[in-house]
Amino acid sequence: MTRVAFADAIDEVVAERMASDPRIVIFGEDIQLIRRNLYARFGARRVRNAPISEAAFLGAAVGAAMAGLRPVVEIMMADFLTVAVDALANHAAKLETFSGGTWRAPLVVRVACGGGYGDAGQHEQSLWGWLAHIPGLAVVVPSNPADAAGLMRMALDHDGPIIFMEHKLLSEIWLESLGRGGRTTVAFDVPAAGARAERLPREWIPPGTAAVLRAGTDLTLVSLGVGVHRALEAAEELERQGVSAGVIDLRSVSPLDMECLREHVARTGRVVVIDEDYLGFGLSGEIAARLLESGIRPRFARVATDGTIPYARHLEIEALPNTARILDACHQLLET
Amino acid sequence: MTRVAFADAIDEVVAERMASDPRIVIFGEDIQLIRRNLYARFGARRVRNAPISEAAFLGAAVGAAMAGLRPVVEIMMADFLTVAVDALANHAAKLETFSGGTWRAPLVVRVACGGGYGDAGQHEQSLWGWLAHIPGLAVVVPSNPADAAGLMRMALDHDGPIIFMEHKLLSEIWLESLGRGGRTTVAFDVPAAGARAERLPREWIPPGTAAVLRAGTDLTLVSLGVGVHRALEAAEELERQGVSAGVIDLRSVSPLDMECLREHVARTGRVVVIDEDYLGFGLSGEIAARLLESGIRPRFARVATDGTIPYARHLEIEALPNTARILDACHQLLET
Amino acid sequence: MPADVWALYEAMLRSRLFETEVSQLWGRGLISGEMHLGTGEEAICAGIVSQLHDGDALALDHRATPALLMRGVNPVALLREFLGREDGLCRGHGGHMHLFAPELLAASTGIVGATGPMAAGFALAAQHLRPGCVAVAFFGEGAMNEGAPLEALNLAVVWRLPVVFVCKDNDWSITTHSPSTTGGNLADRARSFGAYTVEIDGTDVSAVYDAAEACLQRARAGAGPSFILARCTHLDGHYLGDTLLAAARQPMRVLGPMALPLARSALQLHGAALRERLDALVDILTRSRRATAAIRQRVDPLDRARQNLLADPVRLNSLESRVAAETRAIVEVALESASGSPQP
Amino acid sequence: MPADVWALYEAMLRSRLFETEVSQLWGRGLISGEMHLGTGEEAICAGIVSQLHDGDALALDHRATPALLMRGVNPVALLREFLGREDGLCRGHGGHMHLFAPELLAASTGIVGATGPMAAGFALAAQHLRPGCVAVAFFGEGAMNEGAPLEALNLAVVWRLPVVFVCKDNDWSITTHSPSTTGGNLADRARSFGAYTVEIDGTDVSAVYDAAEACLQRARAGAGPSFILARCTHLDGHYLGDTLLAAARQPMRVLGPMALPLARSALQLHGAALRERLDALVDILTRSRRATAAIRQRVDPLDRARQNLLADPVRLNSLESRVAAETRAIVEVALESASGSPQP
Ligand SMILES: Cc1ncc(C[n+]2csc(CCOP(=O)(O)OP(=O)(O)O)c2C)c(N)n1
Ligand SMILES: Cc1ncc(C[n+]2csc(CCOP(=O)(O)OP(=O)(O)O)c2C)c(N)n1
Ligand SMILES: [Mg+2]
Ligand SMILES: [Mg+2]
């Protein structure tokens with residue numbers, strides 16, 4: 001049996017749902033070639049090429065969702081959301097409250113995110129914490145094809161706006177076009193278990209449910225997306241060093257599965273958040289605050305992207321959370 | 001002696017600096033009437049009316065700053081930054097890193113923010129945590145005219161992009177035009193000490209320095225902007241109840257004065273963050289994380305805006321941090 | 001179908017009287033925040049909205065009241081929304097800039113320019129789910145300098161969306177004379193994107209009706225988007241309490257307190273050349289006059305529509321008293337306290 | 001001043017040979033990420049950039065290399081930047097989409113459309129600090145559907161900014177044929193904002209030079225912004241490794257692996273009507289041919305410029321060998337390891 005690639009896993013779920021639900025329409029720049037398999041099956045009306053006008057077509061996606069469609073709108077990269085975020089932050093996110101609960105915009109925003117292939121900081125941002133700051137937006141970040149399928153299933157049933165983020169190191173079509181470009185002379189640290197899967201589950205993943213990938217008694221590593229694989233690597237190394245580290249894959253940034261986090265962190269008393277989004281005023285802080293709020297006062301460290309992501313590969317590797325940095329953080333935490 | 005109003009305090013600093021520094025240019029929508037005193041002195045070339053094109057003129061401000069000007073660009077309200085944030089997030093903020101440290105954009109973005117006058121959630125957002133998430137942006141939020149002057153002095157010397165946020169309850173010109181509109185039939189909870197000051201200091205406020213407004217031994221209230229005044233009210237009430245609560249006015253969101261916070265929280269062991277920006281993935285979380293990182297593991301609570309700000313005054317008052325909510329949080333914290 | 005001038009006038013009058021009440025309630029402090037009325041825009045709204053069908057959608061800006069009333073939103077619920085009541089249209093959560101009537105596919109926004117993309121989205125949904133239905137976007141001439149409506153025009157053209165973009169051009173955006181911030185002219189601008197474009201006098205409800213009829217027909221027939229540039233005047237200025245208006249009406253009261261700081265600032269040592277300072281002062285002092293000149297010389301769309309009805313004074317009189325009475329009743333009912341509805 | 005065709009050709013050749021080397025290095029894996037070349041745009045860049053003075057500014061898009069070289073950026077530093085070295089133009093932090101030469105007031109960005117506002121800002125600074133100086137924005141025709149350049153056009157007109165907007169129209173944006181996503185035509189669009197607008201063949205360096213001369217002169221004289229629509233072809237496609245190009249060159253290798261999933265998907269039970277599926281399939285299979293047809297029928301701006309120089313083969317030959325040698329030397333030096341410079 002062939003193994004299923006990350007983006008194909010998502011496309012399959014989308015196709016399956018498009019087949020039964022005529023309300024699902026897809027659009028985005030270059031989408032007819034990027035999602036060519038969907039295009040070949042569903043045609044130009046339901047897989048629409050958009051002009052380079054993110055503000056217009058993301059805004060239109062919100063309007064379309066309000067008027068009965070279920071758009072899956074693609075913004076090529078999270079970085080480009082900056083030119084269109086009004087549609088999400090001031091419109092999609094606020095509709096339910098402003099309308100007194102009478103109107104919602106069921107909208108999936110599919111976005112490539114993340115770095116690790118040398119494209120620099122205007123093309124490698126993650127921004128999930130930035131998006132989750134806005135009340136009313138759901139944000140999910142799968143770390144493997146099975147979860148990607150399960151989360152897309154959930155997203156297509158979600159009754160409000162949800163951002164579905166696809167890490168470029170996991171999504172072959174993006175990595176190929178942006179990083180490799182047909183070359184055999186470049187290498188990327190692609191987590192094999194993240195990029196391909198043996199088979200896909202038929203279930204959805206309920207909103208805000210993390211996955212416990214590894215139990216651990218000494219400390220808890222919390223991450224999402226590619227960071228999960230770096231965390232797993234670190235945990236294996238720690239095991240060799242006699243330290244038992246658990247690994248939690250958040251999968252969903254908003255809502256956050258605090259129950260899961262509390263349970264594990266309460267046990268280990270030590271937590272390291274590994275976040276490819278920016279360090280400050282984001283996900284890692286939120287986890288700290290919620291733990292403290294629930295009376296858990298752990299030893300805490302975080303490994304995140306601190307500053308603009310630089311271009312050169314050796315600088316980029318240092319800027320993004322990597323296994324060495326995670327191990328450092330763990331060791332420091334274990335000493336205290 | 002007449003008391004100086006919040007916005008006038010800022011305008012005076014701007015005027016003083018414009019007089020000696022021809023590089024300072026101001027622009028924004030309706031600016032010639034909003035800052036009419038500056039317009040009457042500096043004319044239409046240096047106080048420019050902008051079209052309703054935030055993306056263009058904020059982007060132009062970044063370019064102008066790169067090419068030698070020191071623009072003070074006004075975006076009417078923080079809420080409207082969503083249509084123009086690319087200029088800040090992908091350009092101004094990243095210039096220094098991307099250019100290898102050789103180029104900077106010294107740019108002040110002056111923005112009205114905050115609620116409490118019944119204009120609802122597309123006009124009353126604070127978003128300082130959202131902005132501070134982006135590395136490379138400085139964000140300041142004065143709580144009174146003296147600090148407003150001191151922070152504007154600093155901002156005009158700052159060598160990168162800095163967002164200067166002006167709370168509408170403190171800034172008479174905004175409150176009058178958006179909330180009162182000439183009416184005597186409406187009332188707002190305007191903190192007197194925030195709206196007017198006896199006199200203005202001539203000093204600047206160094207970047208990232210908080211002000212300790214009240215010492216306290218039982219717990220520490222941390223806030224900024226109008227929240228500071230709510231915190232002070234709460235602290236006074238707590239004092240009557242026999243609880244000694246300190247109040248710290250952050251003044252700057254990015255950089256954050258962690259030294260000050262650490263010192264105080266280490267002593268009290270209890271901290272309540274009062275934040276008019278959204279609860280999740282923002283300032284309050286960041287404070288939690290940084291305290292934990294430095295080994296302080298306090299009892300922690302936060303009073304912030306949770307959800308889209310609703311229109312009706314009674315709902316709005318509940319949504320924004322108010323003194324009753326702060327007291328509740330403090331009491332709960334004191335019980336643990 | 002020829003315009004039913006009686007029905008149009010009634011719709012306009014209903015809106016005018018309703019907004020007059022809103023103005024009173026706002027003045028009494030029962031409505032909070034800003035209040036942007038659509039007084040002066042009624043002909044534009046009536047000429048277009050009266051031709052909408054079930055399944056058509058409306059994207060409205062910060063002056064949404066007239067269009068919503070004409071579309072059939074419950075006026076009591078609307079007014080209660082302004083009053084911030086639990087039994088308001090949006091349970092008090094939206095207020096006058098964020099009004100939502102899902103069953104009518106009508107939504108408003110306070111973000112200038114955002115109605116362009118929103119209507120494009122409504123139109124996309126119509127294309128898929130309700131063939132023959134259309135979407136209409138309303139916005140001001142100032143909004144046409146935002147990227148969003150410009151991008152939306154293009155999107156609508158290339159996707160051939162059934163949408164009518166309606167630009168209500170009152171020449172002013174808050175205190176700015178829009179021609180001073182607008183390059184070229186807006187009809188050319190819309191046309192350059194390939195949208196079918198008409199320019200009309202927005203105070204003439206029949207002219208609006210006819211233009212809209214053509215545009216709506218095109219849209220319903222699948223011929224794509226159009227753009228209506230309709231000129232009008234905002235009789236109550238930008239919003240209630242508008243300083244420019246107040247300054248023109250009571251110059252001493254409004255300009256008086258401004259004078260001293262202005263003069264003091266204008267006379268400071270370092271600054272622009274004298275000429276520039278004088279220009280600025282003159283501009284500040286006269287801008288309110290310029291802004292209100294239009295209002296003084298206004299053509300009130302209601303007066304204009306009424307002219308055509310004077311031939312039947314009995315019918316006119318009865319219509320007017322009926323609408324007035326109904327409006328009073330609406331206000332009375334709206335102000336009644338409802339159980340479980342906290343009073344403002 | 002008439003164009004110095006020799007100097008222009010030299011600048012174009014220098015850029016072409018440099019980018020040819022870049023292409024090699026990228027292929028060898030020494031340059032990471034995407035790589036958008038400006039091959040095919042050289043006449044547009046040379047015709048304009050050659051007329052810039054000290055104090056003029058440049059806002060460049062994702063194809064910044066030719067313009068920067070022509071403006072006088074150190075080519076060794078530039079190449080080292082691509083190599084990600086500490087001694088690169090931006091100390092390895094920017095890479096090819098984020099190139100900054102502050103002393104030349106030249107900056108590039110990877111955000112499509114962002115050069116419009118940036119150049120407007122540069123021009124504003126020129127107005128205040130360097131009268132007579134100008135700013136130039138480069139962007140593609142696809143970018144003209146973004147709000148940013150449209151808003152910037154308007155801003156530049158109403159502020160009468162000394163800026164020249166240069167739209168390099170290659171008819172394609174990545175895999176999209178731009179006319180399919182663009183309403184109206186772009187010259188009309190720019191004109192409608194009130195910008196002085198010229199349309200030219202961007203492969204003819206003399207035509208570009210003349211058009212730019214007029215536009216730059218207007219800007220320097222305070223007559224405001226202009227817009228140049230210059231048609232061209234990207235000889236290396238959208239970026240290195242462009243699938244459309246590869247598919248046209250090696251259809252079996254590229255389309256082969258796509259065929260099975262495509263066919264499988266197109267044959268699934270539920271979906272569009274057969275006709276629509278066929279249209280989509282044909283579109284997918286032929287789009288690369290359509291995209292590359294332009295390249296095959298290309299007018300290479302270098303060939304074209306060279307035609308005019310053939311009359312003096314000795315001078316031409318010596319120029320070409322000199323530039324080739326200098327380029328080789330640049331690459332050699334750039335590849336030398338520098339102390340403290342980690343090798344990629
Ligand atoms: C994105 C954004 N920028 C600015 C504002 C503030 N604002 C509200 S109304 C207005 C003027 C709009 O002028 P116009 O489009 O002509 O509409 P009018 O008010 O004249 O009907 C402005 C600038 C806003 N609400 N949203
Ligand atoms: C805001 C934004 N949206 C999308 C992209 C992705 N993107 C990069 S280049 C490009 C095509 C640009 O086409 P065009 O403007 O014609 O320039 P060309 O590449 O043809 O020179 C796109 C869509 C981007 N970088 N920025
Ligand atoms: Mg207007
Ligand atoms: Mg192009």
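Computation of the quantities below employed the complete heavy-atom set of this structure, encompassing side-chain atoms and omitting hydrogens, waters and symmetry-equivalent molecules. A note on names: the letters A, B, ... follow the listed sequences, proteins ahead of strands, and every chain is numbered from 1.
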Pick one of side chain, backbone, both or neither for C:S178, based on which atoms fall under 4.5 Å of a heavy atom in chain B. neither

Nearest non-hydrogen partners of C:R287 and B:N49, listed with the distance: NH1-ND2, 3.9 Å

With a 4.5 angstrom heavy-atom cut-off, which part of B:F80 approaches chain C: side chain, backbone, both or neither? side chain

Side-chain donor/acceptor of B:T185 to backbone N/O of C:G27, under 3.5 Å: yes

Contact part of C:R28 toward chain B, heavy-atom cut-off under 4.5 Å: side chain, backbone, both or neither? backbone

So, the part of B:I52 with a heavy atom under 4.5 Å from chain C: the answer is both

In terms of heavy-atom contacts, does CZ of C:R289 have more than 12 from other residues, nucleotides or ligands at under 6.0 Å? no

Please flag which part of B:A187 lies under 4.5 Å from any non-hydrogen atom of chain C: side chain, backbone, both or neither. neither

Rounded to the nearest 0.5 Å, how far does CD of B:Q122 lie from CE of C:M97? 7.5 Å

Max heavy-atom pair count under 4.5 Å with chain B, selected residue of C:S265, C:G147, C:A148: C:S265

Choice from B:A312, B:A15, B:A40, B:G179 maximising heavy atom contacts with chain C below 4.5 Å: B:A40

Is the count of non-hydrogen atoms from other residues, nucleotides or ligands lying under 6.0 Å from B:E172 atom CD greater than 12? no

Whether B:S53 side chain and C:N145 backbone form a donor-acceptor pair below 3.5 Å: yes

If only atom types and distance count, is the side chain of B:D30 paired as donor or acceptor with the main-chain N or O of C:T176 below 3.5 Å? yes

Sub-4.5 Å side-chain heavy-atom contact between C:M258 and B:L33: no

Say whether, by atom type as modelled, one donor and one acceptor occur between the side chain of C:S32 and the main chain of B:G118 under 3.5 angstrom. yes

The reported gap from CD in C:E34 to CZ in B:R180 (rounded to nearest 0.5 angstrom) is 14.0 Å

Is it the backbone or the side chain of C:S173 that comes under 4.5 Å from a heavy atom of chain B, or both, or neither? both

Residue B:E54 versus chain C: region with a heavy atom under 4.5 Å: both

Should C:W26 and B:R183 count as side-chain neighbours, where that means a heavy-atom distance under 4.5 Å? yes

Atom OG in C:S180, atom CD in B:Q32: separation rounded to 0.5 Å? 7.5 Å

Between chain C and each of B:N37, B:V83, B:V186, count heavy-atom pairs under 4.5 Å; write down the option with the most. B:N37

Side chain, backbone, both or neither: which part of C:L244 has a heavy atom under 4.5 Å from chain B? side chain

Options C:C90, C:G142, C:G113, ranked by heavy-atom pairs under 4.5 Å with chain B, top entry: C:G142

Expected output: side-chain B:R41 to main-chain C:H270 donor-acceptor under 3.5 Å: yes

Taking all non-hydrogen atoms of both residues into account, name the closest pair between C:F82 and B:Y311 and its distance. O-OH, 2.5 Å

How many angstroms lie between atom CG of C:L262 and atom OH of B:Y39, to the nearest 0.5 angstrom? 11.0 Å

Between B:G121, B:P22, B:S177, which shows the greatest number of heavy-atom pairs under 4.5 Å with chain C? B:S177

Pick from B:E124, B:R46, B:E176, B:R45 with the largest number of heavy-atom pairs that fall under 4.5 Å of chain C: B:R45

Roughly how far, to the nearest 0.5 Å, is CZ of B:R313 from CD1 of C:I31? 13.5 Å

Any chance you could measure C:E86, atom CD, to B:H314, atom NE2, to the nearest 0.5 Å? 7.0 Å

